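What follows is a set of notes on a single structure, which appears directly below.
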Amino acid sequence: MNASYEWLRAFVPFSLSPTELRDLLTSRCATVDDLVPLQADLGAIVIARVVEATRHPNSDHLWITKVDAGTGTLLDVVCGAANVTVNTLYPFAPVGAVLPGGMKIEKRKIRGENSEGMLCSAKELGLGEDKEGIMALTLIAEPGTRFLDAMPIGDTRLVIDVLPNRPDLLSHEGLAREIAAATGGTMSRPEIAEEKPFVIRTHTVKATSGKVGDITVKIEDTDGCMRYAGAVLTGLKVGPSPDWLVRRLQAVGLRSINNVVDVTNYMLVGFGQPMHAFDLERIARGTVVVRKTRGEELIKTLDGVDRTLPPGAVVIGDAERAQAIAGIIGGSGSEVSDGTTEIFLEVAAFNPASIRATRRKLGISTDASYRFERGVDVEAIPALVDYAARLILSVAGGIPQGNPVDLYPLPKRPQPISLKLPRVARLLGEPVDAIEVEKNLRTVGFRIAPEAKDVFKISPPSWRHDVRGDVDLAEEIARLRGYDTFSSELRPFRPSAVPDAPLVAVMERVQDALVAAGLNEIRPMPFVAEGRGATVRVTNPLAEDEAFLRGDLLRTLISRAEYNLARMQGNVRLFEIGTAFFAGEDPAALPGPRKTALPREEMHVAALVMGQRSPTHFTKAIQPSYDEWDIKFLAENAAVAAFPSAAVKLVPGAGETLWDIAVDGIVVGSARRLTLDAPVWAKPAFGLELNLEAIEQGPARSHAYKAIPATPRVQVDLALLAPSSVTAAQIDVLIRREAGDLLESLTLFDEFSGQGIPDGSRSLAWALTFRHPERTLKDQEVQGRTAKIVNALEGELGVRQRTS
Amino acid sequence: MTLSEFQQLVTTLAADGEKLIDAATTASSLEDARTSLLGRKSGRLPELFKQLPSLAPEELREGGSLINAVKAKLEARLEDRRRQLDAASSSKRNVDLTMPARRQWQGSKHPVTLVIEEIEEIFRELGFTIALGPEAETEWYNFTSLNFPPDHPALDLHDTLYLGENVMLRTHTSPVQIRTMQKFKPPIRILSPGNAYRRDFFDASHAPMFAQIEGLAIDDGVSFVDLKATLTHFANQFFGKTKTRFRPSYFPFTEPSAEMDVECQLCHGSGCPGCKGTGWMEILGSGMVHPSVINAAGLDADRYTGWAFGMGPARIAMLRYDIPDIRILYDSDVRFLYQISR
Ligand SMILES: [Zn+2]
């Protein structure tokens with residue numbers, strides 16, 4: 001909502017500066033997002049007196065003038081306006097000034113004569129249409145006075161964020177009401193200038209039809225229209241609006257169209273009531289009817305678009321066709337134009353939900369629909385019909401045809417709210433003073449009647465649809481007293497009885513583990529194109545190639561790695577903890593109506609590594625790149641962090657899957673080689689992904705302390721020659737079995753094949769550490785076990801000890 | 001000589017030797033110490049070696065290992081001391097110590113995660129716990145239970161991405177509040193961090209998915225003063241001692257509703273383009289939970305009251321790290337992530 005500082009002052013006198021007004025409104029009712037000084041581009045314009053005017057020798061329409069602009073010397077100015085008059089004051093743009101259109105004034109010769117500035121017309125200053133040429137000023141001012149200081153045209157636009165609950169603030173009157181309440185001022189509707197001596201008194205009837213002049217007005221759809229009033233004005237002269245009206249509209253960013261349409265816009269922004277003027281000559285058979293659309297109705301609207309009316313839309317029709325889409329936009333067929341002499345002025349209240357539904361189906365939003373769908377002040381309608389009719393007559397001439405009619409078949413009954421002050425005090429946390437509450441509520445239009453001690457019957461004003469219950473009144477009471485007057489002292493509280501979500505600790509551990517491993521966390525979008533495991537579709541996506549929710553996170557990580565490769569970044573180590581989505585089939589009974597199954601969600605972790613394993617250092621010119629053994633470590637690490645009490649095992653997989661990650665025997669994810677859209681210089685990429693919710697688990701157990709051994713260890717290295725068919729895991733299992741519990745650790749420290757190793761086999765070297773927890777091991781014990789191991793390896797797996 | 005006498009000598013030599021080495025303050029005095037201890041001609045250790053044969057034959061092995069151990073120990077001590085003295089005297093250095101360290105990749109959390117964690121930490125001290133919920137929700141959880149009137153302009157602020165009829169990507173994390181109230185009895189004090197979605201085109205200041213963190217406190221007699229006090233405390237913890245301002249706002253699920261501003265972090269209240277000259281920055285929305293929300297979740301609104309708040313950690317991260325464009329938080333450019341990891 002744009003508001004004009006000066007326009008607000010026309011409703012209520014106040015002495016706040018624009019910034020003070022901004023702070024007042026922001027702290028009290030609606031945030032002022034911005035203050036825009038208007039006509040600031042006229043800052044260089046001064047007032048000047050024409051001292052002499054003679055005909056230009058080389059032109060029959062130019063004048064050569066001498067101008068006093070307060071500089072001490074008279075300036076030569078060539079002027080083309082016919083109305084230039086000696087001894088008259090005009091706005092003057094001196095050399096160097098820039099006009100609102102961007103034109104810069106320079107000293108120049110016009111048909112051989114010097115010109116040191118320019119006398120300006122209203123149009124050149126962006127102040128309206130030209131009437132008779134340059135803008136003769138009737139004020140008293142010294143030449144040289146800043147134009148903005150002498151003329152009442154400076155203004156400030158307030159850009160206000162009015163939230164959906166306060167449509168009453170979508171007008172100057174509504175804002176002025178709050179300002180008056182806050183400053184103790186009195187609000188009144190601005191006087192109409194050059195008022196014509198007509199008595200207009202709207203005639204309200206509790207009926208669905210009535211007459212104004214020769215026109216029959218009917219509400220057929222009482223559901224879609226709560227109140228419908230109209231005035232008939234004839235003998236009008238449609239034309240440009242007076243300057244004051246143009247200026248008001250400009251101040252809020254509206255363009256002047258003609259005097260009649262301008263008044264309707266003035267009423268909308270000034271009083272929050274959208275109005276519509278129909279050219280009465282185009283209204284068939286003197287009938288105006290508010291009805292539901294019939295069948296496939298077509299209408300060309302004011303914006304020049306042919307529209308098919310959606311079913312259920314409310315229209316304003318004449319005897320033959322729809323002439324307007326009620327509360328949204330008028331039809332071009334009955335548009336007020338220069339030739340219009342008589343109008344039907346509509347002032348109505350339409351059903352907000354119906355307006356909203358129709359304008360959404362049409363895909364448009366207008367200033368009128370915006371207010372109707374939030375709700376206008378139904379009770380203000382008769383007074384505003386009168387006011388608007390008088391205003392039109394004052395700017396466009398003409399006479400009223402009878403009194404306006406006002407159909408109000410089902411008057412709204414006020415719903416008083418019972419307010420118990422102790423309840424409010426309990427909610428707000430501080431005692432509230434009954435006298436203060438009463439006084440404050442009255443300032444913004446509430447009516448109050450005492451019911452019992454500390455209990456009141458409160459009737460909200462007709463413009464406050466948002467106040468329905470005692471909590472709404474609590475907000476009024478708190479905001480009118482000022483939120484800042486309430487204490488900010490911490491008081492005792494009871495700690496939460498809700499335990500942390502079990503996933504919280506899991507996510508934290510996994511995050512810490514991957515950060516410690518040198519990976520960078522990312523938080524990308526989950527949208528992907530169809531396919532590759534994405535099964536959940538967004539029905540109204542922002543882009544077709546991102547219409548699905550991913551079924552795995554690695555897909556997102558791959559796209560992020562590719563993003564980096566495209567920017568020549570080859571060292572990429574990313575991880576994400578985020579949601580994977582799967583089409584749901586769960587029909588679990590949830591509250592509320594629901595026709596689609598909720599997707600199933602899993603919290604996953606995924607990681608991707610590629611490029612150098614560590615930063616470049618001069619001690620090692622070529623840093624090794626990440627390989628499968630790194631991702632195996634990261635996978636084990638992440639799985640152990642996620643499931644600390646379970647047995648984690650990486651089971652060799654097939655194809656791109658290097659390992660399946662098994663936790664207590666259940667596969668919860670995998671570690672993979674990744675295929676990227678990568679440039680040739682890119683190093684191979686590896687990824688892991690696992691489902692953090694795959695198994696139920698309690699809180700992580702701590703590992704119990706094991707005594708640090710004090711006895712000496714015995715180390716044995718075994719160099720083995722193993723057939724290719726035998727896996728390291730098989731050897732590992734066998735060694736552990738044969739070594740028994742004296743084996744403290746078993747480490748594979750070398751793998752070799754090639755020279756000296758027969759084809760079809762490889763050399764594997766293991767370091768075995770033996771230790772007895774209480775005594776020194778004897779050589780024979782160790783030798784005995786080693787021999788047993790070697791025998792078993794040979795006997796069961798065909799693995800021989802190498803003799804070097 | 002008995003083994004124990006020999007052991008005594010070895011121990012004494014070790015102790016004396018260490019003292020002598022540590023006492024050396026120059027390379028030459030250290031060399032003197034080395035000669036007197038290990039010097040082949042008359043060093044104390046070679047002298048002691050000569051005593052070995054006087055041990056009984058079966059004790060020779062043990063004695064040998066004792067003296068060898070001391071030898072190794074003294075040699076290591078000498079080397080350590082030599083390096084210390086080397087490093088101390090720059091003129092003696094033969095390594096260019098200006099060369100860069102051998103570094104490792106530094107991992108990092110996302111800036112938005114860091115902000116969320118910081119917020120959680122502050123609220124945990126005030127007795128809050130963490131609750132999570134699904135990102136895809138039913139209309140009932142996302143709107144109806146939260147007192148959004150059907151077909152109301154308030155919905156315009158929640159442009160929704162739908163997954164089907166009455167199923168959508170949650171537009172805020174508020175459904176977690178309902179799910180928590182359905183499952184647990186007060187006192188409830190929870191934070192719900194998570195992703196929310198709006199049908200906003202991806203530009204410098206909007207993203208269709210964004211992180212949100214909400215808080216909810218429900219108990220017997222929780223009041224607006226508690227809301228103000230807790231959030232003011234939070235602001236002072238998070239931003240350092242700062243001025244705060246509460247002003248009316250509107251959310252369907254709270255009444256009264258309040259916006260909390262803190263002093264502009266850029267100009268500290270004097271007014272700048274960042275705060276449009278107001279000196280304030282909007283940080284979070286809050287309010288007293290609407291009774292119809294409490295009732296919808298199955299609690300008794302006559303007995304329980306509560307307050308809630310919600311904020312966008314991305315906006316705060318942008319402020320904190322001076323990030324001009326929200327897309328940077330999603331692009332995952334490693335050069336940006338490395339900056340955070342430093
Ligand atoms: Zn600032």
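Since we're looking at a predicted model, the values are computed, not measured.
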Subject >> B:Phe184 versus A:Ala497, closest heavy-atom pair with distance >> reply: CD2-O, 4.4 Å
Subject >> For the student: nearest non-hydrogen atoms of B:Asn195 and A:Arg523, plus distance >> reply: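 In terms of heavy atoms, the two residues are closest at OD1-NH2, 4.0 Å.
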Original post:
At what distance, to the nearest 0.5 angstrom, does CD of A:Glu475 lie from OG of B:Ser249?
Top reply: 8.5 Å
Original post:
Just by distance, do the side chain of A:Asn564 and the backbone of B:Val334 share a donor-acceptor pair under 3.5 Å?
Top reply: yes
**OP:** Output yes when a side-chain donor or acceptor of A:His617 lies under 3.5 Å from a complementary backbone atom of B:Pro100, and no otherwise.
**Re:**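 A pair under 3.5 Å: yes.
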Original post:
Relative to chain A, which of B:Pro153, B:Gly127, B:Pro111 shows the most heavy atom pairs under 4.5 Å?
Top reply: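 Ranked by heavy-atom pairs under 4.5 Å with chain A, first place is B:Pro153.
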Measure distances from [X] to the heavy atoms of chain A and classify the residue's part below 4.5 Å as side chain, backbone, both or neither.
X        : value
B:Asp226 : side chain
B:Glu255 : both
B:Tyr197 : side chain
B:Phe224 : both

Original post:
Do A:Asp500 and B:Thr129 have side-chain atoms, one donor and one acceptor, less than 3.5 Å apart?
Top reply: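 No pair is found: no donor N or O on one side chain lies under 3.5 Å from an acceptor on the other.
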Subject >> SB check A:Asp23 B:Arg247 (cutoff 4.0 Å) >> reply: no
Could you tell me whether the side chain of [Y] reaches within less than 4.5 Å of the side chain of [X], counting heavy atoms only?
X        : Y        : result
B:Trp105 : A:Arg573 : yes
B:Ser332 : A:Tyr563 : no
A:Val538 : B:Tyr162 : no
B:Lys109 : A:Leu514 : no

Subject >> Face-on cation placement of B:Arg189 at A:Phe493 ring, 6.0 Å and 45° thresholds >> reply: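 That pair qualifies as a cation-pi contact.
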Original post:
Where do B:Thr305 and A:Arg426 land on the side-chain hydrogen bond (donor to acceptor under 3.5 Å, both in side chains) test, with the steps shown first?
Top reply: CA-CA 9 Å; B:Thr305 50; A:Arg426 178 173 181 258; 4.8 Å; no
**OP:** Tell me, out of A:Val471, A:Asp466, A:Leu163, who's got the most heavy-atom pairs with chain B below 4.5 Å.
**Re:**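 Of the candidates given, the most pairs with chain B belong to A:Val471.
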Original post:
Among A:Glu489, A:Arg166, A:Arg479, A:Arg374, which has the most heavy-atom pairs under 4.5 Å with chain B?
Top reply: A:Arg374
